[in-house]
Structures are given as C-alpha cells and as structure tokens.
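We name chains A, B, ... by the order of the sequence lines, and we start the count at 1 in each one.
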There are 2 protein chains.
Amino acid sequence: MAEKRLTEDVIFRTALRLVDADGVEALSMRKLAAELGVNPMSIYHHVDNKAALLDGITRMVTAEVKDITVSDGPWPDQLRRLAYEFRALTLTHRHLLRYILASDDFTQRDGPMWRTLRTVLRSAGIAEAELNQTAMVLVMLIGGLLHTEAEGAEHRDDSTFALAVELLIDGIAART
Amino acid sequence: MAEKRLTEDVIFRTALRLVDADGVEALSMRKLAAELGVNPMSIYHHVDNKAALLDGITRMVTAEVKDITVSDGPWPDQLRRLAYEFRALTLTHRHLLRYILASDDFTQRDGPMWRTLRTVLRSAGIAEAELNQTAMVLVMLIGGLLHTEAEGAEHRDDSTFALAVELLIDGIAART
DNA sequence: ACCTGAACACCGTTCAAGT
DNA sequence: ACCTGAACACCGTTCAAGT
C-alpha cells in the first residue's frame, strides 16, 4: 500500500492497527507484509520475529499509560479515575490486553502507574506494609475483569464495570 | 500409544492432558494423533474440528463444577469456599481458563454455580434487584484475577489471592 | 544496507480411496 | 462404519542470492 521506506515504526503502527481490528490470532507476518505492500521477509530485517513484533506494539501501547496522573481530591475519586482510564485504554486495544497484563510495565512494581496507585492507596489509609500487595490485588482484579470483558463481547456493560469499581472502593475503605 | 479403538472420550481425555501440560497453543491435531498412535485424519471421524475439540474438553472440565455446594454457615465462609474451589479448578486446568470463562456455563446465568452464588449473596443481604449484577461482577473479578495468575507464572501467590477474597467480602459487606 | 525468492518444517482441513 | 494418504491453503522462519 504505502510505498515509502520500511521502518520499524511503520511496521509497529500497521501491526497495531491490524491487531486492534481483528485480534492477535488474525495477525500473520505474511498478512502484515501484504498490508505494507512488501515482501514478507523484508519485515525480518527490522524486527527479530513475531514475538518481538507483539512485544513492540505492546510497548507502544503501555507507553501511553506512563503519564497517567491523578488530580488532588478524595482518594475514591482518584481510584475511580485510574480504573476508568485503564478501561478506556483496554477498549481501544482490547485484543492486546493479554500482553499488556503480562508486560514488564505491569509485572514490575516500580513503574509510574504503580507509584500513583500506591500514593492513592496511602491516602486511603492502607498500611505501608500492605501497600504493594493491595496495589497488586487491585490491578489483577480490575485487569482481569477487563480481560473477561474484552474476551467475550456479550458481557461488556458500563454499569457492571461501575459496580465493580464501587465494590472495590468499599472493600478498600473497609480495610482501614 | 494406546492401541484400543478410537472414541470421542479417549480423544478428549488425551487432549485435556496435553493442554494441561503444555497449553492450548502447543496442542495440534497432528500432535494429538501422534500421542494417540493414530493417523491425524482419524480424529476428524469423531470430532468436527479443533474448535469442537476445545469445546469438548472445556465442557469436561466445567462439568466438574456443576455440583459445587456450600454447607450451612455464615455467608463470608460460603463465599470464601466458592472462591477457593474455583481457584483449585483453575490451578489444575490453568491453560483452559480462557475457554472456561467464555463457555456457556459461565456466560449463561442459570447454571448451578450461579444459583449457589445468588443464594450466598442473598443471605449476605444484597437486594434482589442487584443480585444478578453483583454475582456477575464477582465472577468476572475473581475469574479475571485467576486468569492473570494463570497467565504469568510469576505472580501466583496464595496470600495475594487471600487478600483479594477478603477485600471482596468486605466490599460486599459494605454494600448492604 | 536493504530487499527478495525458494525452501523447510510445521499447521488445519478436505476428499477420494481403501478395509 | 471406520480409517488413511495425498493434497490444498495457510503458517513462521532461514538462507543464499540479488541490488
């Protein structure tokens, strides 16, 4: 299609577009090459293999989350904000959620998202010793719910998500 | 390997064993046939295709959950019981969780698991109108957490799961 | 340095032919 | 009725050869 010079950037962006549209399952190196108007093997000159390709587009997406900040205000509002921000991200890249949850940014606990989350939980009154584990639990619960939501299109429902967030906020409030 | 007559049952059981060991990704019709000591095409005489095969082994597993009952006692104990039972199931069939969560038994709301869950939530004091949605939220949250746990081997941790369950119980208690 | 065609080892699945 | 070999249309990836 585009007859420009092949770069890692255009490869990643095209791959992300294909994945967002039809899922990781439907992405093949050969289809991606066809979409780029290029020989399938040319891609290997810029990307090691398919795993590296998926890794690259996952990194592109998680980079967007890096600068999530929460405004001042009561901690439930802040937590709600984080949850809805997370959901917005997963709705535009729903087929990639599996990889996002498994990526370093989410497993490693020293990223910017974790720092903000810990700050919010601290102001909610969670004890310093339980901070990390509570943050982990919240990410796994919300991330997991979003994954189930993303997988089966039939149970994507705003009010169900809202109830989940409020239930978690109540749970946090009860533990302090 | 086994030189007996080929049946749907032995196909499903062998496939489940392979999936539990190496994951759905690693299962192929041809490998399954080799494991059965049979021509790859013989399988198609008993199973429509790979999708039907996965559907079949998922049904085998969800059938085990059908007769989950909770003994009398305080609702938090009952809810804890359900959660830990669910977790035990996913630990032995962790590669199948994606399919379990997407299966009819979990999306349809009239299965035996949903009935027990609703009973427990009713005795917790949840209003009749919110019963279905609260049950859905709990299954999605816990199922999702288990999925994240199953996917990345590194964050499988008993005390993290325990904290998640207690947090949800507190959340339910606060909403009544 | 970048691209490419042919080739290899895999897939799922169909179909005509065997017993 | 059950099984099978050959074949088709796909994969990811390697490698030698081209510009």
Side-chain angles (χ1 to χ4, degrees), chain A residues 1-61 93 95-96 98-100 102-103 151, chain B residues 1-61 93 95-96 98-100 102-103 151:
Chain A
M1 211 122 265
E3 290 298 340
K4 299 176 60 179
R5 260 284 241 81
L6 200 55
T7 62
E8 198 191 55
D9 190 60
V10 59
I11 291 175
F12 282 169
R13 283 213 318 272
T14 311
L16 180 57
R17 183 160 51 79
L18 292 182
V19 167
D20 282 345
D22 298 322
V24 179
E25 219 80 320
L27 176 74
S28 82
M29 299 299 266
R30 292 166 129 105
K31 257 190 253 176
L32 175 57
E35 186 75 14
L36 287 163
V38 125
N39 185 287
M41 304 317 136
S42 305
I43 297 176
Y44 284 89
H45 234 267
H46 301 88
V47 179
D48 270 8
N49 49 35
K50 196 180 180 180
L53 178 68
L54 288 173
D55 211 73
I57 64 179
T58 304
R59 218 185 303 278
M60 268 184 80
V61 171
H93 306 291
H95 294 121
L96 223 52
R98 284 186 72 182
Y99 296 83
I100 296 175
S103 76
E151 206 81 350
Chain B
M1 216 128 257
E3 291 298 340
K4 301 175 59 178
R5 259 285 241 81
L6 200 55
T7 62
E8 200 191 56
D9 191 60
V10 58
I11 291 174
F12 282 170
R13 282 213 317 273
T14 311
L16 181 56
R17 182 161 51 78
L18 292 183
V19 166
D20 282 344
D22 298 321
V24 180
E25 220 80 320
L27 176 74
S28 81
M29 299 298 266
R30 292 166 128 105
K31 257 190 253 175
L32 174 58
E35 186 74 14
L36 287 162
V38 126
N39 184 287
M41 304 317 136
S42 305
I43 297 176
Y44 284 89
H45 234 267
H46 301 89
V47 179
D48 271 8
N49 49 36
K50 196 179 180 180
L53 178 67
L54 287 173
D55 212 71
I57 64 178
T58 304
R59 218 185 303 277
M60 269 184 80
V61 171
H93 306 293
H95 293 121
L96 223 52
R98 284 187 71 182
Y99 296 83
I100 296 175
S103 76
E151 206 81 349

Between atom [atom1] in [X] and atom [atom2] in [N], what is the gap in whole Å?
X: B:Lys31; N: C:dT13; atom1: NZ; atom2: C1'; answer: 18 Å
X: B:Leu32; N: C:dG12; atom1: CG; atom2: C1'; answer: 13 Å
X: A:Glu25; N: D:dC11; atom1: CD; atom2: C1'; answer: 12 Å
X: B:Asn39; N: D:dA7; atom1: CG; atom2: P; answer: 15 Å
X: B:Arg30; N: C:dC10; atom1: CZ; atom2: P; answer: 10 Å
X: A:Leu36; N: C:dC3; atom1: CG; atom2: C1'; answer: 14 Å
X: A:Ile11; N: D:dG12; atom1: CD1; atom2: C1'; answer: 15 Å

* To do: Ignoring hydrogens and angles, tell me if any N or O in the side chain of A:Lys50 forms a donor-acceptor pair with the backbone of A:Leu27 under 3.5 Å.
  => yes

>> Taking A:Val19's backbone N and O only, do any of them form a donor-acceptor pair with A:His95's side chain (distance below 3.5 Å, no angle check)?
In response: yes

Beyond-backbone contact of B:Leu16 with B:His93, side-chain heavy atoms, under 4.5 angstrom:
yes

Pairing partner of D:dT19, by Watson-Crick or G-U wobble and under 3.5 Å for both distances, is C:dA1

Taking a pair to mean Watson-Crick or G-U wobble geometry with both distances below 3.5 Å, D:dA6 pairs with C:dT14

CZ of B:Arg17 to CG of B:Asp22, rounded to nearest 0.5 Å, is 10.5 Å

Interatomic distance, OG1@A:Thr58 vs CG@A:Leu96, rounded to 0.5 Å, equals 4.0 Å

Taking every heavy atom of B:Asn49 against every heavy atom of B:Met29, the minimum-distance pair comes out as C-CE, 4.2 Å

Note: contacts of residues 41-54 of chain B with DNA chain D (heavy atom, under 4.0 Å) are B:Met41, B:Ser42, B:His45, B:His46

